[in-house]
Chemist: 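Let me give you the structure first, and then I'll get to my questions.
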There are 2 protein chains.
Amino acid sequence: MDDHTNVLELNLGLGSNLGGLHVGQSPRQRCPAPFLLKTYDLLEEGEAENSTKIVSWNAEGTAFVVWSPAEFSELTLPRYFKHNNFSSFIRQLNTYGFKKTSSKIWEFKHEKFKRGCRQMLGEITRKKCEPSVFPAYLKSCSEENATSSTEDKNEQQLMEENKNLKKERLELQMQIDECKALEIKLLACLSQFMDTHQNKVRKLC
Amino acid sequence: MDDHTNVLELNLGLGSNLGGLHVGQSPRQRCPAPFLLKTYDLLEEGEAENSTKIVSWNAEGTAFVVWSPAEFSELTLPRYFKHNNFSSFIRQLNTYGFKKTSSKIWEFKHEKFKRGCRQMLGEITRKKCEPSVFPAYLKSCSEENATSSTEDKNEQQLMEENKNLKKERLELQMQIDECKALEIKLLACLSQFMDTHQNKVRKLC
DNA sequence: GGGAATATTCCC
DNA sequence: GGGAATATTCCC
């Protein structure tokens with residue numbers, strides 16, 4: 001769980017600033033959502049196993065199947081997510097546009113979710129639940145802009161943030177000094193108290 | 001939790017028709033949010049403990065204090081929530097309108113969050129994030145203010161400095177927490193010492 | 001402290 | 001399957 005979380009956090013942390021890396025890739029490559037990475041990784045892990053399959057890619061690697069929802073929920077989900085509910089997992093699949101392929105088995109499919117194509121996950125987007133105030137014809141416009149809004153802070157913002165951080169540092173340092181001073185007083189108090197205690201006992205004896 | 005949502009919906013749907021129960025006027029009583037119930041219960045649980053306090057009501061029961069953020073995050077949070085991040089907990093407190101009362105200790109206060117008043121939690125509401133009429137990317141446009149930049153660090157340097165400052169901030173905060181913990185231990189030590197001292201002197205007399 | 005994105009839950 | 005509320009994360 002810890003390992004896992006760390007990896008997740010690394011992903012999130014680095015992801016935002018990765019924009020410069022990808023070259024002439026396919027459309028709108030961005031850092032894949034954590035949910036997609038986890039789901040993909042959980043399938044990779046499954047590949048390595050010898051035991052009875054809980055979840056796996058289908059034969060062609062074009063979809064994946066949850067063979068045992070019960071075990072999947074109880075054993076697999078909590079190692080990747082903060083819950084063990086199959087329905088929450090499915091809710092996420094739907095959010096990212098996966099389709100159930102069959103009424104008989106739990107097979108899910110997405111055009112951009114295929115075995116061996118981890119990098120393609122970046123092309124999968126959440127379905128937006130736009131504030132209904134906007135007419136449909138404005139959506140594409142707002143999406144466009146959201147995408148192109150670069151993560152880069154400009155110098156102005158950086159300097160501002162910088163200034164605030166320094167101020168904060170000063171305040172924290174002052175808090176520490178206060179703490180330390182109090183600590184010294186307490187220690188002095190304690191030691192003095194021990195002295196007088198000794199003396200009293202000595203006198204009484 | 002099931003109960004909760006049902007009652008809520010009844011309230012919303014039927015308006016005021018829920019209770020032959022309510023007397024004069026209890027303003028908009030609804031079922032408290034899970035976050036509030038958990039936070040309240042976690043304090044009740046703390047009351048029962050004998051060991052060093054991690055978190056507790058203040059003396060008057062009008063606010064609560066996280067005495068040891070480190071232990072609170074590691075031990076308490078995961079038993080009530082799906083995470084162990086102090087900052088996520090604080091984010092929720094802010095969402096529900098709690099105020100930090102002091103820059104020195106982690107004390108939080110809300111008018112409707114008091115010891116012995118579990119039923120009053122129903123009056124606490126989430127702050128709404130009003131769906132603004134304009135998309136986020138237009139907002140900055142209207143707020144635009146041109147401050148002139150006269151510093152001559154380049155962006156690279158600024159970002160670097162920035163990153164380091166944040167790291168430093170974290171370390172300072174941790175130092176403070178440590179100091180605070182030590183302070184508490186010293187006080188406990190002192191008080192215990194005074195007790196035994198009294199006893200010894202008494203016996204000798 | 002709070003805005004906004006993503007995750008989880010609950011309900012239809 | 002998806003709308004909507006709440007929770008968690010990330011960032012400013």
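Chain letters run A, B, ... following the sequence lines, proteins first, then strands; residues in each count from 1.
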Chemist: Not counting sequence neighbours, which residues clear side-chain hydrogen bond (donor to acceptor under 3.5 Å, both in side chains) with A:Thr101? List them please.
Modeler: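 Checked A:Thr101 against side-chain hydrogen bond (donor to acceptor under 3.5 Å, both in side chains); matches are A:Glu107.
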
Chemist: As a test of reading the structure: which of C:dA7, D:dA7, C:dT8 is closest to the side chain of A:Ser88, going by heavy atoms?
Modeler: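 Looking only at heavy atoms from C-beta outward on A:Ser88, the closest nucleotide is C:dT8.
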
Chemist: Would you please say whether a donor-acceptor pair under 3.5 Å links the side chains of B:Glu45 and B:Tyr80?
Modeler: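 Yes.
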
Chemist: Between C:dG1 and B:Lys100, is there an OP1 or OP2 to side-chain N/O distance shorter than 4.0 Å?
Modeler: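 Negative; the distance criterion is not met.
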
Chemist: The side chain of B:Asn94 is closest to which nucleotide in this list: C:dT6, D:dA7, C:dG1?
Modeler: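 Side chain of B:Asn94 sits closest to C:dG1.
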
Chemist: Describe, as an angle rounded to 10 degrees, how the axis at the first end of the helix from C:dG1-D:dC12 to C:dC12-D:dG1 is tilted relative to the axis at the last end, five pairs per end.
Modeler: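 It comes to 0° between the two terminal axes.
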
Chemist: Over 60° means perpendicular and under 30° means parallel, so tell me whether B:Phe89 and B:Phe64 are parallel, tilted or perpendicular.
Modeler: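 Perpendicular: the ring planes of B:Phe89 and B:Phe64 meet at over 60°.
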
Chemist: Would you kindly check whether a donor in the side chain of A:Arg91 faces an acceptor in the base of D:dG2, or vice versa, at under 3.5 angstrom?
Modeler: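 Checked by distance alone, the answer is yes.
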
Chemist: So, does B:Arg126 use its side chain to make a donor-acceptor pair with the main chain of B:Gly97 at under 3.5 Å?
Modeler: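 Here the side-chain-to-backbone pair does not exist.
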
Chemist: Starting at atom CG of B:Leu77, determine the distance to atom P of D:dA7, rounded to an integer number of angstrom.
Modeler: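 Taking atom P of D:dA7 as the reference, CG of B:Leu77 is at 14 Å.
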
Chemist: Indicate whether OP1 or OP2 belonging to C:dT9 is found under 4.0 Å from a side-chain N or O atom of A:Asn85.
Modeler: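 Yes, A:Asn85 has a side-chain N/O under 4.0 Å of OP1/OP2 on C:dT9.
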
Chemist: According to a strict under-4.0 Å criterion, is A:Lys82 in side-chain N/O contact with OP1 or OP2 of D:dT8?
Modeler: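 Result: no.
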
Chemist: Nearest-Å distance, CZ (A:Phe108) to P (D:dG1)?
Modeler: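 Going from CZ in A:Phe108 over to P in D:dG1 covers 8 Å.
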
Chemist: Nearest-Å distance, CZ (A:Arg126) to P (D:dG2)?
Modeler: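 The answer, rounded to whole Å, is 13 Å.
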
Chemist: Starting at atom CZ of B:Phe81, determine the distance to atom C1' of C:dA7, rounded to an integer number of angstrom.
Modeler: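 Rounding to the nearest Å, CZ of B:Phe81 and C1' of C:dA7 are 16 Å apart.
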
Chemist: Tell me, please, which residues at least two apart from B:Phe98 pass ring-ring contact (aromatic ring centres under 6.0 Å, His included).
Modeler: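 Partners of B:Phe98 by the ring-ring contact (aromatic ring centres under 6.0 Å, His included) criterion, ordered by chain and then number, come out as B:His110, B:Phe113.
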
Chemist: What is the distance, to the nearest angstrom, from the NZ atom on A:Lys38 to the C1' atom on D:dT9?
Modeler: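 Rounded to the whole Å, the gap is 10 Å.
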
Chemist: Measure the distance from NZ on A:Lys127 to C1' on D:dG3 and round it to the nearest whole Å.
Modeler: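 So the NZ-C1' distance, A:Lys127 to D:dG3, works out to 12 Å.
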
Chemist: C:dT9 C1' sits how many Å from A:Phe35 CZ, rounded?
Modeler: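 To the nearest whole Å, that distance equals 15 Å.
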
Chemist: Pick base, sugar-phosphate or nothing for B:Phe89, based on heavy-atom distances below 4.0 Å to the nucleic acid.
Modeler: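 No contact.
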
Chemist: Indicate whether OP1 or OP2 belonging to D:dT9 is found under 4.0 Å from a side-chain N or O atom of B:His83.
Modeler: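 Affirmative; the distance criterion is met.
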
Chemist: Check A:Glu44 with A:Arg118, please: is the shortest side-chain N to carboxylate O separation under 4.0 Å?
Modeler: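 Judged by the 4.0 Å cut-off on N to carboxylate O distance, A:Arg118 and A:Glu44 do not form a salt bridge.
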
Chemist: Assign each of A:Thr95 and B:Tyr96 to its nearest nucleotide of DNA chain D by heavy atoms, then name whichever residue's nucleotide is nearer the 5' end.
Modeler: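 Its nearest nucleotide lies further toward 5', so the answer is A:Thr95.
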
Chemist: Using a distance-only test with no angle check, is there a side-chain donor-acceptor pair under 3.5 angstrom linking A:Arg91 and A:Ser87?
Modeler: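 Note: A:Arg91 and A:Ser87 side chains miss the donor-acceptor criterion.
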
Chemist: Once you round it to whole Å, what is the distance between P of D:dG1 and NE2 of A:His110?
Modeler: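 Rounded to whole Å, this separation is 14 Å.
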
